[in-house]
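Structure, as C-alpha cells:
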Amino acid sequence: MTKSLLVTGGAGYIGSHTLLELLKAGYKPVVFDNFSNSCAEVLSRVEELSGCAIDVIEGDIRDKSALVRLFEARRLANEPVEAVVHFAALKAVGESVEKPTEYYDNNVGGTLSLLKAMDTCGIRKLVFSSSATVYGEPLRLPYTEDHPFAPTNPYGHTKAMVEQILKDWCHASDERSAVALRYFNPIGAHPSGRIGEAPQGRPNNLFPFITQVAVGKRDKLSVFGDDYETVDGTGVRDYLHVVDLAIGHVLAVAYMASGNRGFQGINLGTGRGTSVLELARTFERVTGRPVPYEILPRRPGDIAQAWADPTVAAALLGWRANRDIEEMCIDGWRWQSQNPDGYQSVVKK
Ligand code: NAD
Ligand code: UD1
C-alpha cells in the first residue's frame, strides 16, 4: 500500500481535513505549502486531533528544485513519496478575472513544475483538486463526467487546462495514474470544531457568509437573485460535507495504489440540489441562530442550478457522501462559533 504522500496545499481548508483522514487511514503525509492562503496553526490543530506529528515544508510548487529536494530527502530516509495529493492553487473566481496571469502561473505553471519534479524522481501517481466549475452552463443535469467542458472564468480554465495536461501526462506513459476529483460545493467543518474554512476578508461563497452572519460579523446575507427557474427562485447547488470530500481523496489514493492506471475525472457531490434559501433555513433551524437576508440582483456569471451524478465515484472508488445538509450546518456552525475569527481567534482552553 502507498504510505508516504506529498500533500501540496495541505494547510488549506480541504487539505487540512484530508490530512486528518489520511493519517487516520495510516498514511504518512508530508505537507508542502507556501501559506499564501493559510497559516501554520491549522497544522498544529491537525496534529492535536490526530495525535501524529506532521512533516511540513514551506515552499512554492513553482519551485521545482525545492520539490525535487523534498522527494530526494524522503527517498534517502527510506520513505519514498509514492503519490501526490495536489490541492495547492488560487481559488477566487472574481480575483482570477482581475489577475488572470497570476492564476495561470500559480495553478497551471505550478502543476507543470510539480509534474516535472515528479518525473525527475519517478513519482507516477497524482490526485488533483478539480472543480465542477469546469462544466460551465449545464446542457443537462445531473452533470455526468462526460458533460462537455465550458468554463466561464480564468479560474475554471486553469482547472480544465490542468485536467488536459494530466490526460496527456498519463497518455505518455502507461505507468502513470491521475485522478481529477471534480468537487461540487464543499461546506462544513470537522465535527471537533477545531479546523474549518477561514476565508480572508469578505467570503465569496454562500456558506461561510451564512456562518459569519450568524456569528454577528455580517449584518445580513445577500441572496443573489430569486428569479431563477428553481424550487424557490434562488440558486441551487450540490453542497457536500468537507469530511466526505476528504474521505474521497483517501479512496482515490487507494484506487491508484491498487493498480489502476491512466486518467480519470470523477465527480464528488451528493447528487442532490439545495437552494440558497433552503440552506439558510436549515442552518437557522438546526443552530437556532437567525440569518436575516435581502434579495439582490443575480451575481454575474452564476448558473441557476447544478448538481452531480456521483455514480462513477461509487463505482470506481466505493465513495458516497454520507453526511446531510443538517450535519454540514451543525459542524460548520461549531467551527464558526468557536473560532469567530478563524485561526486568528484566541484559543480558549
Ligand atoms: P485553500 O486556499 O484553503 O487551500 C489552498 C492551499 O494551497 C493554501 O494553504 C495555500 O496557501 C496553498 N497554496 C496556494 N498556492 C500555492 C503554491 N503556489 N505553492 C504552495 N502552496 C500553495 O483552498 P481550498 O478550498 O482548500 O481548495 C483546495 C483545492 O481545491 C484548490 O485547488 C481549489 O481550487 C480546489 N477546489 C476548492 C473548492 C472549494 O469550494 N473550496 C471547490 C472546487 C475546487
Ligand atoms: C463558486 C464559484 C465556482 C467555485 C465554487 C467553489 C462563481 C461564479 N463560481 O461556485 O467557480 O468552484 O464557488 O465552491 O463564483 N450566493 C448568494 N449569496 C452569497 C454567495 C452566494 O446568494 O453571498 C448564491 C450564489 O448565487 C449561488 C449559491 O449561493 O446560487 C452558491 O454560491 P457559491 O457558494 O459562491 O458557489 P458557486 O456559485 O457554486
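First listed ligand is number 1; within each ligand, the first listed atom is number 1. As the structure is a prediction and not an experimental result, all values here were calculated from the model.
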**Report entry** ligand 2: protein residues within heavy-atom distance under 4.0 Å
**Finding:** Val93, Ser131, Thr133, Tyr155, Asn185, Asn204, Asn205, Leu206, Ser222, Val223, Phe224, Gly235, Arg237, Tyr239, Val276, Arg299, Asp302
Requested in this report: Answer yes if the side chains of Ser129 and His86 hold a donor-acceptor pair under 3.5 Å, and no otherwise.
Outcome: no
Report task. Check the side chains of Ser275 and Asp232 for a donor-acceptor pair under 3.5 angstrom, ignoring hydrogens and angles. Result -> yes
Requested in this report: For the residue pair Asn339 and Arg45, confirm or rule out a side-chain donor-acceptor distance under 3.5 Å.
Outcome: yes
**Report entry** N-O pairing of Arg285 and Glu326 below 4.0 Å
**Finding:** yes
Requested in this report: Show the numbers, then the answer: is there a ring pair (Phe, Tyr, Trp, His ring centres under 6.0 Å) between Phe207 and Trp335?
Outcome: CA-CA 12 Å; Phe207 190 75; Trp335 154 255; over 10 Å; no
**Report entry** Polar proximity ligand 1 side, Asn34 side, N/O cut 3.5 Å exclusive
**Finding:** yes
Query raised in the report: Can a salt bridge be assigned to the pair Arg323 and Asp331 using a cut-off of 4.0 Å between side-chain N and carboxylate O?
Result: no
Report task. Look at atom CZ of Arg320 and say whether more than 12 heavy atoms of other residues, nucleotides or ligands are closer to it than 6.0 Å. Result -> no
Query raised in the report: What atoms of ligand 1 come within less than 4.0 Å of a heavy atom belonging to Ala11?
Result: 9 (O)
Report summary line: Check: of Leu181, Val134, Thr111, Asn106, min heavy-atom distance to atom 15 (N) of ligand 1 comes from Asn106
Report task. Can you sort out which atoms of ligand 1 are near Phe35, meaning under 4.0 Å from one of its heavy atoms? Result -> 11 (O)
Report task. May I ask you to identify the nearest protein heavy atom to atom 11 (O) of ligand 1, giving residue, atom name and distance to one decimal place in Å? Result -> Asp33 OD1, 2.7 Å
Query raised in the report: Distance under 6.0 Å and angle within 45° of the ring axis: does Lys220 meet both against Tyr293?
Result: no
Requested in this report: Give yes if a backbone or side-chain nitrogen or oxygen of Phe87 is under 3.5 Å from a nitrogen or oxygen of ligand 1, and no if not.
Outcome: yes
Requested in this report: Using distance alone, determine whether Ile61 and ligand 1 share an N or O pair under 3.5 Å.
Outcome: yes
Indicate every side-chain donor-acceptor pair of residues 133-140 with a distance under 3.5 Å to a residue at least two apart or in another chain.
{"unit_1": "Tyr135", "atom_1": "OH", "unit_2": "Arg182", "atom_2": "NH1", "d": "2.9"}
{"unit_1": "Tyr135", "atom_1": "OH", "unit_2": "Asn267", "atom_2": "OD1", "d": "2.6"}

Requested in this report: Output yes when Arg194 and Glu48 qualify as a salt bridge under the 4.0 Å nitrogen-oxygen rule, no when they do not.
Outcome: yes
Requested in this report: Salt-bridge test for Asp302 and Arg299: reply yes if a basic N is under 4.0 Å from a carboxylate O, no otherwise.
Outcome: yes
Report task. Considering only NZ, NE, NH1 and NH2 on the basic side and carboxylate oxygens on the acidic side, decide whether Glu79 and Lys28 come within less than 4.0 Å. Result -> yes
Query raised in the report: Is the centre of the His249 ring less than 6.0 Å from the centre of the Tyr183 ring?
Result: yes
Query raised in the report: Numbering the atoms of ligand 1 from 1, which are under 4.0 Å from a heavy atom of Ser36?
Result: 10 (C), 11 (O), 13 (N), 14 (C), 15 (N)
Query - Heavy atom of the protein closest to atom 39 (C) of ligand 1 (residue, atom name, distance) - result: Pro186 CG, 3.7 Å
Query - Nearest neighbour in protein (non-hydrogen) for atom 25 (O) of ligand 1 - result: Lys91 NZ, 2.8 Å
Query raised in the report: At what distance is the nearest protein heavy atom to atom 34 (O) of ligand 1, and which residue and atom is it?
Result: Tyr155 OH, 2.7 Å
Query raised in the report: In the protein, which heavy atom is nearest to atom 1 (P) of ligand 1, and how far is it?
Result: Asn37 ND2, 3.8 Å
Query raised in the report: With backbone taken as N, CA, C and O and side chain as the heavy atoms from C-beta onward, which portion of Ser130 lies under 4.0 Å from ligand 1: side chain, backbone, both, or neither?
Result: backbone
Report summary line: Filtering Ile14, Val7, Leu268, Thr133 for the heavy atom nearest atom 41 (N) of ligand 1 leaves Ile14
Query raised in the report: Ion pair present between Arg75 and Glu72, side-chain N to carboxylate O less than 4.0 angstrom?
Result: yes
Query raised in the report: Is the closest basic N to carboxylate O distance between Asp226 and Arg298 below 4.0 Å?
Result: no
Query - Thr270-Asp238 side chain donor-acceptor pair, cut-off 3.5 Å - result: yes
Query raised in the report: Does any N or O atom in Glu197 lie less than 3.5 angstrom from one in ligand 1, N or O only?
Result: no
Query - Best match, Ala89, Gly15, Gly109, Pro208: closest heavy atom to atom 5 (C) of ligand 1 - result: Ala89
Query raised in the report: Quick one: does Ser131 get an N or O within less than 3.5 Å of an N or O on ligand 1?
Result: no
Report summary line: In ligand 1, the atoms that come under 4.0 Å of a heavy atom of Gly59 are 19 (N), 20 (C)
Query raised in the report: N/O to N/O below 3.5 Å, does that happen between Gly12 and ligand 1?
Result: yes
Query raised in the report: Strictly under 4.0 Å, does any heavy atom of Arg182 approach an atom of ligand 1?
Result: no
Report task. Return the residue, atom name and 0.1 Å-rounded distance of the protein heavy atom closest to atom 42 (C) of ligand 1. Result -> Tyr183 CD1, 3.9 Å
Query raised in the report: Would you say ligand 1 has an N or O under 3.5 Å from any N or O of Tyr13?
Result: yes
**Report entry** Test: Glu21 and Lys24 ion pair at under 4.0 Å
**Finding:** yes
